[in-house]
K.L.:
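Structure provided below as structure tokens; questions to follow.
Values in this document were obtained by computation on a predicted structure and should not be read as measured data.
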Amino acid sequence: LAVDSRYGTDGVATLALGTPWAPSLGIQPDGQLLVANHREVIPAPPSIYGGLPTTQAHVLRLDADGRRDAAFGQGGEARFTIQGYDAPVGVQMQASGRIVVAVSAHEPCSVPGHRAPCITAQGQPGAWHHTVVGLTPAGVLDTTFGTQGVASGLVSAIATPVQFTLQPDQRPLLLTSSEIWPLQEFTRTLQRFTVDGAPDTAFNQPPPTGTPPCEALGGAVLALAAG
């Protein structure tokens, strides 16, 4: 393998993403690269125990040659806010051209003490909202997806790993999992939405019974060709 010096600048596309988190990547059928991340816009309320700042989620699109697509969103970047602290965890493109972004969202908050919940500006414990956001091919919130562009999934009191994929028929799948430490109690939830972001009420019905085959966090979700 050799570096393709035609890509970006001497083979490297450099992006100012803001928050130093690993971005989520997706590739469009035409070779353009989607990069989803979030940046801090207001620091978290002061607390020695930490908290969550106000962030802005964003998706950048790069041309096949590694240069920002200025026609996408605002200067090559689509921006949106859900709960205030919004962290994309996956991005893909449906066959229709709609871009779907899985987001873990939470209200900005501050932790007042050891093992205490994160308290919002309203004085209430915050919650994690695991969602899928729809964007048009032009990088604008797609109001025909979900409710005004947002498909709402699981709401949880604790942070949970989130995995995201599309089925071959373009229906989004969202896998969330959590662990109660140190009890080693695990919970996993797999949700499916319709192509347009409505809850797929026929999925997982009737629900399985019995003890889960393993006690672990969900590490990935994959949709096979047969569905």
K.L.:
For the side chain of Q94 and the backbone of Q170, is there at least one donor-acceptor N/O pair under 3.5 Å apart?
P.N.:
yes
K.L.:
Between T131 and I82, is there a side-chain heavy-atom distance shorter than 4.5 Å?
P.N.:
yes
K.L.:
Would you give the length of the straight line joining atom CD1 of I99 to atom OG1 of T136, rounded to the nearest 0.5 angstrom?
P.N.:
7.5 Å
K.L.:
Can you find a pair of side-chain heavy atoms, one from Q28 and one from L34, that are under 4.5 Å apart?
P.N.:
yes
K.L.:
Could you go through the side chain to side chain contact (heavy atoms under 4.5 Å, CB included) check for V150 and F80 one step at a time?
P.N.:
CA-CA 10 Å; V150 180; F80 57 88; over 6 Å; no
K.L.:
Applying the side-chain hydrogen bond (donor to acceptor under 3.5 Å, both in side chains) criterion to S156, which one of H106, H129, H130 satisfies it?
P.N.:
H130
K.L.:
Atom NE2 in H58, atom CD in E77: separation rounded to 0.5 Å?
P.N.:
5.5 Å
K.L.:
Same cluster or not: L135 versus V195, using hydrophobic residues (I, L, V, M, F, W, Y) connected whenever any side-chain heavy atoms lie under 4.5 Å apart?
P.N.:
no
K.L.:
In terms of relative ring orientation, are H38 and Y85 parallel, tilted or perpendicular, with 30° and 60° separating the classes?
P.N.:
perpendicular
K.L.:
Which heavy atom in L62 sits nearest to a heavy atom in Y7, and how many Å separate them?
P.N.:
CD1-OH, 4.0 Å
K.L.:
According to a hydrophobic-cluster definition based on side-chain heavy atoms being under 4.5 Å apart (Ile, Leu, Val, Met, Phe, Trp, Tyr only), do V132 and V89 belong together?
P.N.:
yes
K.L.:
Side chains of W128 and S104: does their closest heavy-atom pair fall under 4.5 Å?
P.N.:
yes
K.L.:
Decide salt bridge (Lys or Arg N to Asp or Glu O under 4.0 Å) for R98 and D196; before the verdict, give the C-alpha distance in whole Å, the side-chain angles of both, and the deciding distance to 0.1 Å.
P.N.:
CA-CA 10 Å; R98 176 192 286 140; D196 292 323; 3.1 Å; yes
K.L.:
So, for C109 and A44, which heavy atoms are closest and what is the spacing to 0.1 Å?
P.N.:
O-CB, 4.4 Å
K.L.:
I'd like to know if the side chain of R61 reaches the main chain of R68, judged simply by a donor and an acceptor atom lying under 3.5 Å from each other, with no hydrogens or angles considered.
P.N.:
no
K.L.:
What are the two closest non-hydrogen atoms of F145 and G134, and how far apart are they?
P.N.:
CD2-N, 3.5 Å
K.L.:
Between atom OG of S110 and atom CD1 of I119, what is the distance when rounded to the nearest 0.5 Å?
P.N.:
8.5 Å
K.L.:
Where do P161 and S177 come nearest, in terms of heavy atoms and distance?
P.N.:
CD-O, 2.9 Å
K.L.:
Side-chain heavy atoms nearer than 4.5 Å, only ILVMFWY residues, links allowed to pass through others: does that put L166 and V162 together?
P.N.:
yes
K.L.:
Does a donor on one side chain sit under 3.5 Å from an acceptor on the other, for D86 and Q56?
P.N.:
no
K.L.:
Is it the case that one hydrophobic cluster holds both L141 and F72, taking links as side-chain heavy atoms less than 4.5 Å apart, direct or via other members?
P.N.:
yes
K.L.:
Might you confirm whether atom CG of L25 has over 12 heavy atoms from other residues, nucleotides or ligands at distances under 6.0 Å?
P.N.:
yes
K.L.:
Quick one: closest heavy-atom pair of A36 and P88, and the distance?
P.N.:
CB-CB, 3.7 Å
K.L.:
How many angstroms lie between CZ in F193 and OG in S152, if you round to the nearest 0.5 Å?
P.N.:
7.5 Å
K.L.:
Could you report the tightest heavy-atom contact between G11 and V3, atom names first, then the distance?
P.N.:
CA-CG1, 3.7 Å
K.L.:
Can you tell me how far the OG1 atom of T165 sits from the CD atom of Q167, to the nearest 0.5 Å?
P.N.:
8.5 Å
K.L.:
Check whether more than 12 heavy atoms from other residues, nucleotides or ligands sit under 6.0 Å from atom CG of D10, and answer yes or no.
P.N.:
no
K.L.:
Looking at L154, is its backbone amide N or carbonyl O close enough to the side chain of Q191 to form a donor-acceptor pair, meaning the two atoms are under 3.5 Å apart?
P.N.:
yes
K.L.:
Please walk me through it: do R171 and D200 pass salt bridge (Lys or Arg N to Asp or Glu O under 4.0 Å)?
P.N.:
CA-CA 9 Å; R171 286 185 288 185; D200 187 346; 3.0 Å; yes
K.L.:
Measure the CD-CG distance between Q148 and D142 for me, rounded to the nearest 0.5 Å.
P.N.:
10.0 Å
K.L.:
Are V100 and L33 connected in the hydrophobic side-chain network, where two residues link if heavy atoms are under 4.5 Å apart?
P.N.:
no
